[in-house]
Number of protein chains: 2
Amino acid sequence: MSAREQRQVASDAGLSKQRMVVEAVRLADREGVDGLSMRRLAGELGAGAMSLYRYVASKDELLDAMVDLVFEEIELPLEETGWQSAMRRRAVSTRQVLAGHPWAIGLLESRTSPGPANLRHHEAVTACLRRAGFTVVMATHANWLLDSYVYGFALQEAGLPFDTADEFADMGEGVYLPQLPPEEFPYLNESAAALVAGGYDPADEFTFGLDLILAALEPLRAAA
Amino acid sequence: MSAREQRQVASDAGLSKQRMVVEAVRLADREGVDGLSMRRLAGELGAGAMSLYRYVASKDELLDAMVDLVFEEIELPLEETGWQSAMRRRAVSTRQVLAGHPWAIGLLESRTSPGPANLRHHEAVTACLRRAGFTVVMATHANWLLDSYVYGFALQEAGLPFDTADEFADMGEGVYLPQLPPEEFPYLNESAAALVAGGYDPADEFTFGLDLILAALEPLRAAA
DNA sequence: CGGTGTACGCGTACAGTGTACGCAACGGCT
DNA sequence: AGCCGTTGCGTACACTGTACGCGTACACCG
């Protein structure tokens, strides 16, 4: 079977923007966003690179669509359980989704036109907060605060060179401490030693901060 | 004067890693990180592209150094004014610095080995919190929370397609509202209208969230 | 049946990218 | 004078995004 026939077979599923975006997300998950090129994506789809330009105007537009697809994985908040629980579930879901697609975080800052999924989320969160009694201004404050915290946490977590408490302990002793002369970094040394000894797991940080923020927002609900 | 002689004159200042990094940060500020290439940087320095590889092993190493230079601009916390004031000043400084170098935010997630300036900051912040009475674990919690909030805020702020309250008002009415059918996005419409009418400035969000977090951390100081 | 328009696919070419390799020039030292 | 180290960098290679234009297939119409 010639290369063209092979491509024909692959394309019998038909190229589409949806197929492209899904495959692009897979490729970015495996190789990072730097490993995503139009030629490589076309190879994965059994198509020519220039065929992709029938479905997206540019690589930038593809990246926009990829970010929106990631947003679609985030759960919409359910209000039946109360605003705090709904916000918590949404925050946990966002963090999990971004942990699965760490390349997407770095793209958030350069996507200036939010996609449909992003807008739907924004509407759902705003609805939940308003119905819980927050004023428009307070709901906006809460939205900013929660999103900032969640995205910032995901950003930092993505930059960690380990995934588990054990790996943290190993790196702490094998990599970090040797680089931190105690006379120059006494507090970091103290912290590293105490945290490793205490079985510290940075994954626990998320709920600590989230709980603190949600608790601090509660009294602001009925602000006049 | 031949091209070589021109370059010789320019190079009389001598290439160095420091000069490269400073110039690279300037270029990224003007053109974004996508506009930064080794050839363009070399052109700015009056050198050949391959000369740069005497001072950095790779473009990745240059990016690491750029991020660390940005960290150096952030003020170290001064404790004389109390831990809250010190944390607030550091947070405000971080936000200002990242607002000036928005390209750096997206790089934070891929830099897994913190540079010297980053470590010095980490030590200074940890010292301040520990001396204010936070336990090692609580100081770590506070560090994570504050950094997550600040980086996340900077990330979102960098993605905003406007800079001032007036631009927000203009875009709200001219761009956003037309894209949000009221029957589909009733709460976003309500919010946009109310915020524009109230002279809302998203820049104020930062201090709202920061104040709330610092107030929520205060009772945790003497946690045993 | 032939002509036309549209949809789909994509090869070629261009200008740009990071960097391996190896060469040239210069200064210092013996 | 020769050797060595330092500094600079040109060439070449493989890869990148995408403008342009061409080929093929299909549907529709007269």
Side-chain angles (χ1 to χ4, degrees), chain A residues 1-25 27-28 30-67 103 106-107 110-111, chain B residues 1-25 27-28 30-67 103 106-107 110-111:
Chain A
M1 188 186 274
S2 71
R4 175 189 286 271
E5 285 173 302
Q6 281 172 338
R7 292 206 286 265
Q8 206 83 33
V9 165
S11 296
D12 276 353
L15 268 185
S16 67
K17 185 168 182 179
Q18 183 66 9
R19 275 191 72 213
M20 279 180 53
V21 178
V22 165
E23 198 59 48
V25 166
L27 190 49
R30 290 204 307 274
E31 322 251 358
V33 79
D34 285 340
L36 173 71
S37 73
M38 303 303 266
R39 286 178 176 78
R40 285 190 190 180
L41 177 58
E44 295 291 327
L45 292 161
M50 294 322 299
S51 306
L52 307 187
Y53 289 92
R54 171 158 298 280
Y55 303 93
V56 291
S58 65
K59 189 179 181 185
D60 253 356
E61 188 180 301
L62 175 66
L63 294 173
D64 280 344
M66 286 166 70
V67 168
W103 50 265
L107 293 177
S110 55
R111 305 299 112 194
Chain B
M1 189 186 273
S2 70
R4 177 190 283 272
E5 285 172 301
Q6 281 174 336
R7 289 206 289 264
Q8 205 83 33
V9 165
S11 297
D12 275 352
L15 269 183
S16 69
K17 185 168 182 179
Q18 181 67 8
R19 275 191 72 211
M20 279 180 54
V21 177
V22 165
E23 198 61 46
V25 165
L27 192 50
R30 290 205 306 274
E31 320 251 0
V33 79
D34 286 340
L36 172 72
S37 74
M38 302 304 265
R39 285 179 176 78
R40 287 189 189 179
L41 177 59
E44 294 293 326
L45 291 161
M50 296 320 300
S51 305
L52 308 187
Y53 289 92
R54 174 158 297 282
Y55 301 95
V56 292
S58 64
K59 187 177 182 185
D60 254 359
E61 188 179 302
L62 174 66
L63 294 172
D64 280 345
M66 286 165 71
V67 168
W103 49 266
L107 295 177
S110 55
R111 305 299 113 192

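In the text below, chain A, chain B and the rest are named by the order of the sequence lines, each starting its count at 1.
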Trainee: Indicate yes or no: at least one non-hydrogen side-chain atom of B/Leu63 is less than 4.5 angstrom from one of B/Val33.
Mentor: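 In contact.
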
Trainee: Any side-chain N or O of B/Ser51 less than 4.0 Å from the OP1 or OP2 oxygen of D/dC9?
Mentor: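 Result: yes.
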
Trainee: Rounded to whole Å, how long is the line connecting atom CD of A/Glu31 with atom P of D/dC15?
Mentor: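 These atoms are roughly 13 Å apart.
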
Trainee: For the pair made of CG in B/Leu52 and P in D/dG10, what is the distance, rounded to whole Å?
Mentor: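 Checked: the CG to P distance equals 12 Å.
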
Trainee: To the nearest angstrom, how far is A/Leu45 atom CG from C/dC8 atom P?
Mentor: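 Going from A/Leu45 (CG) to C/dC8 (P), I get 16 Å.
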
Trainee: Mind calculating the distance between CZ (B/Arg54) and P (D/dG5) to the nearest angstrom?
Mentor: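 So the CZ-P distance, B/Arg54 to D/dG5, works out to 13 Å.
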
Trainee: Summarise how protein sits on nucleotides 12-22 of chain C as a single string, 5' to 3': B when a protein heavy atom is under 4.0 Å from the base, S for sugar-phosphate-only contact, - for no contact.
Mentor: BB---BBBB--

Trainee: Check the pair B/Met38, B/Tyr53 against side-chain contact (heavy atoms from CB on, under 4.5 Å), reporting the backbone distance first and the verdict last.
Mentor: CA-CA 9 Å; B/Met38 302 304 265; B/Tyr53 289 92; 3.4 Å; yes

Trainee: Which heavy atom of A/Leu15 sits nearest a heavy atom of A/Ser51, and at what distance?
Mentor: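 Distance-wise, the nearest heavy atoms are CD1-CB, 3.7 Å.
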
Trainee: Minimum heavy-atom separation for A/Leu41 and A/Leu62, please, with both atom names.
Mentor: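 Answer, listing the atom of A/Leu41 first, then A/Leu62: CD2-CD2, 3.7 Å.
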
Trainee: Less than 4.5 Å apart, side chain to side chain, heavy atoms only: is that true for B/Met66 and B/Leu107?
Mentor: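 B/Met66 does not reach B/Leu107 side chain to side chain.
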
Trainee: How many angstroms lie between atom CD of A/Glu61 and atom NZ of A/Lys17, to the nearest 0.5 angstrom?
Mentor: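 Rounded to the nearest 0.5 Å, the CD-NZ separation comes out at 4.0 Å.
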
